[in-house]
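Predicted, not measured: the structure shown is a model, and the values here were computed from it. By convention in this document, chain letters (A, B, ...) are assigned in the order of the sequence lines, proteins followed by strands, and residues within each chain are numbered from 1. Atoms considered below: every heavy atom in the structure, side chains included; atoms not considered: hydrogens, waters and symmetry mates.
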There are 2 protein chains.
Amino acid sequence: MNADRLWASLLDMARIGPSPNGGSRRLALTAEDVAGRRLLLDWAEALGCRWRSDAAGNLFIRRDGEEPGLDPVAMGSHLDTQPLGGRFDGVLGVLAGLEVLRTLHERQIRTRRALELVVWTNEEGSRFSPAMGGSGAWTGRLPLEQFLAAADKQGISLGSALAESGQAGTLAQGEPNLDAYFELHIEQGPVLEEQGQPMAVVNGVQGIRWYDLIFRGQSAHAGPTPMNYRHDPLMAATAFIHKLRQTILADSSQAARLTVGDIEVADPSRNAVPEVVRLSVDIRHIDDGQLEYLHEQLIALARSSAALEGVEVDVEPVWHSPVTHFDSTLVSAVQDAAEQRGYSIPIMMSGAGHDAVNLSHVTPTVMIFIPCRDGISHNEAEYAEPQHCALGTQLLCDAVLQRANRD
Amino acid sequence: MNADRLWASLLDMARIGPSPNGGSRRLALTAEDVAGRRLLLDWAEALGCRWRSDAAGNLFIRRDGEEPGLDPVAMGSHLDTQPLGGRFDGVLGVLAGLEVLRTLHERQIRTRRALELVVWTNEEGSRFSPAMGGSGAWTGRLPLEQFLAAADKQGISLGSALAESGQAGTLAQGEPNLDAYFELHIEQGPVLEEQGQPMAVVNGVQGIRWYDLIFRGQSAHAGPTPMNYRHDPLMAATAFIHKLRQTILADSSQAARLTVGDIEVADPSRNAVPEVVRLSVDIRHIDDGQLEYLHEQLIALARSSAALEGVEVDVEPVWHSPVTHFDSTLVSAVQDAAEQRGYSIPIMMSGAGHDAVNLSHVTPTVMIFIPCRDGISHNEAEYAEPQHCALGTQLLCDAVLQRANRD
């Protein structure tokens, strides 16, 4: 593979929909997103590849194999970005796949099984909710009607954006049947960088639970109300967060995660005890049993914190995504392929969701991570070192070739 | 005194600027406020009283005494209300003073010193900031120019509202010199009700310190960022609040108070570690030394909580009002007067500010509290029992007469 060519293509793609501070802005199915896809298709057509799209606008770029009767091996990711997104999230997985195709083309290598380079529609979920929609629709995990009905802030439906942009095609849902799916991605976290690891194989994705909590107390004047007469929902919420955090930090696997991304006081006044406090909670774990334990702890701590303060609490579960396990054979195969290049790479779970989660429900799936600077992603400052991009692409290439050529 | 007449006058006044749910809405210097003042003046004129107002619109209603050379004894409070205010906050103190005048008139009692019933302008601060403005201007603690320059949300200055409403007069600032100032008020807290006390004498007002805190951390994706890699400003803020609360609750006097009336995350996202969290803190104590100790603890805990999480914190002191001490002779006199009616009443500090705080800097001052239901105030549901209003008014009458007639 050609590291310079890969890097140049990453920069070329980033120039489509450039954002103010050096990132990219290609929201799903906008003119920029379509232009990015067109650039990819131009590159692929130059290699003699043909392509199709399905009703969800997912692109399948095919390089035929020697045995047309065998299921193809797929690589892929997404080209759409966050509103002020980076140049690597998703794009790396797609252009690494392109680099694999280019390398094979250049060296005139035929694989036993065909290869499919896939671009999934609306992975980010920034313009249309939910995220990972294209892969959801293709795998049948998200009903196509629901996918098409999602509307952006201007009220434009995903279906009409697809029609207007000409991205929808006639490939049947779930076609072609895949032999395996590989996705290279930046880690979007700080672990590989901190540990000095250039790559990792990903064996699954953390389970996630989302909650909305509302603590309801009694508003009171800050001055004349002694502490022991109060029913302060903010103090209950604070105690709850503090104690849940202790539980999370006490997790022996160190894999439990807690994020309170939002907290707000209704009708705030600096000299009044709040009446209503709302907050969101995101907990994650690599083990479903432990996640269930944290769920129970969360509810118990919310109730006990509220009771101690004499306030009410509602805990509303908003979303639950169980732990995803990727294919253990593929995990070993990727690790072995790295070993053959002299790298002993770690196995890790992904903290973020990816199209690979949907794919793992219909075909053997695995991911490869490379580090990104300071763990920063979903940000214009997102950056991955050229040598890490190249190493990850080489590993993708090796693993895909091995899979495609196996007996 | 006549309890029924007092209660009827309270209800009559509440009918001026009635609010949707049974409270009152007489924002300072609006037509409703002016109509309320006019009603009071009509009642006072019927007793043969004369009245003047000063440049701040404060009303001084005078009942002459036997010895014109002696300084008058004043009673008073305010008639303006919160936007959705109650019927007793401020109004009780004014109409109790009126009931004292009515009783003396009815019984044809002359006092040695003259009496002044004072209505302070813009006590609430809801329309014009700051609160307690009229008494601030009269005592010279708030420069008159600053008082007059305050503008409401429509951009109308207090000065022009005064001119338009005809409430400003020619009485010189600080005139007349007062022998003493008495203010009856609802407690605005739950203590008297909970303790079954019908009255209390108030020996001062808690010291207050206000702060704005900003915790600045590093935004990160909730999934891929392990807990020990995070710099989470919300967790720092939560730990800070939790620990400061422990310090407050450990105060041996049980007089320390902590209110976090507002907390917010900048650009919140449920699956992202926040970058910036802002919160307000209100701490109070009846002892300046202890308040200073809490101030130091607050700063130390903010810094240590931030350091533990690896985030930055700015602590901005917004306001500091030291402890106010009322006149100890008057406190004893009120307590003695209650004793003579068979009531052993407690001494307490006020948690809220009152015009009496300003007055205490220029003349011997004391307050009397009566309970209000559930401690609720600044709310249409605010309520005080008729018998408590009557008892407080009787005590005010007794104490004022004794003061006015002393040698």
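Chain B forms the most heavy-atom pairs under 4.5 Å with one residue out of A:G351, A:A220, A:G223, and that residue is A:G223. Across B:E187, B:H242, B:M349, the residue that shares the most heavy-atom pairs under 4.5 angstrom with chain A is B:H242. The choice from B:A352, B:A255, B:S280 that makes the most heavy-atom pairs within less than 4.5 Å of chain A is B:A352. Highest contact tally toward chain B, considering only A:P274, A:A222, A:S219, is held by A:A222 [criterion: heavy-atom pairs under 4.5 Å]. Per-residue heavy-atom pair counts under 4.5 Å with chain B were compared for A:M348, A:E194, A:R245, A:Q206, and the maximum is reached by A:R245. Looking only at heavy-atom pairs under 4.5 Å with chain A, the residue among B:G353, B:G375, B:P268, B:G189 that has the most is B:P268. Contact count against chain A (heavy-atom pairs under 4.5 Å) is highest for B:I241 among B:I241, B:V273, B:I208. Among B:D232, B:D212, B:L279, the residue with the largest count of heavy-atom pairs under 4.5 Å with chain A is B:D212.
In this structure, chain A has no heavy atom under 4.5 Å from any part of B:S350. Of the atoms belonging to A:V277, not a single heavy atom falls under 4.5 Å from chain B. Heavy atoms of A:F369 lying under 4.5 Å from chain B are absent altogether. With a 4.5 angstrom heavy-atom cutoff, B:R257 touches chain A via backbone and side-chain atoms both. Heavy-atom distances place both the backbone and the side chain of A:I263 under 4.5 Å from chain B. Only the backbone of A:A256 comes within contact range of chain B, with heavy atoms under 4.5 Å apart. Heavy atoms of A:I248 lying under 4.5 Å from chain B belong exclusively to its side chain. With a 4.5 angstrom heavy-atom cutoff, A:Q188 touches chain B via backbone and side-chain atoms both. Only the backbone of A:A272 comes within contact range of chain B, with at least one heavy atom under 4.5 Å from a heavy atom of that chain. Contacts of B:Y211 with chain A are made by backbone atoms alone, with heavy-atom separations under 4.5 Å and no side-chain atom involved. If you measure heavy-atom distances from A:H378 to chain B, the contacts under 4.5 Å come from the side chain alone. Only the side chain of A:Q218 comes within less than 4.5 Å of a heavy atom of chain B; its backbone N, CA, C and O stay farther away. Residue contact with chain B, scored on non-hydrogen atoms closer than 4.5 Å, involves the backbone and the side chain of A:T225 alike. Of the two parts of B:S377, neither the backbone nor the side chain holds a non-hydrogen atom closer than 4.5 Å to a non-hydrogen atom of chain A.
Between B:L258 and A:M235, the closest side-chain pair of non-hydrogen atoms falls below 4.5 Å. Side-chain contact between B:H221 and A:I376 is absent, with no heavy-atom pair separated by less than 4.5 Å. Side-chain contact between B:M227 and A:L249 is present, with heavy atoms from C-beta onward closer than 4.5 Å. Using a 4.5 Å heavy-atom threshold, the side chains of A:R284 and B:N271 count as touching.
With salt bridges taken as basic N to acidic carboxylate O contacts below 4.0 Å, none links A:E264 and B:R278.
Here the shortest heavy-atom pairing between B:P226 and A:P190 reads CD-CD, 4.0 Å. When every heavy atom of A:G261 is checked against every heavy atom of B:V265, the shortest pair comes out as O-CG1, 3.5 Å.
By the neighbour-count criterion of 12 heavy atoms within 6.0 Å, atom OH of B:Y293 is sparsely surrounded, having that number or fewer from other residues, nucleotides or ligands. At most 12 non-hydrogen atoms from other residues, nucleotides or ligands lie less than 6.0 angstrom from CG of B:D267.
For the pair A:R270 (side chain) and B:D282 (backbone), a donor-acceptor distance under 3.5 Å is absent.
One distance of note links CG of B:L234 with CG of A:D262; it measures 9.0 Å at 0.5 Å rounding.
There is a side-chain donor-acceptor pair under 3.5 Å between B:R230 and A:T259.
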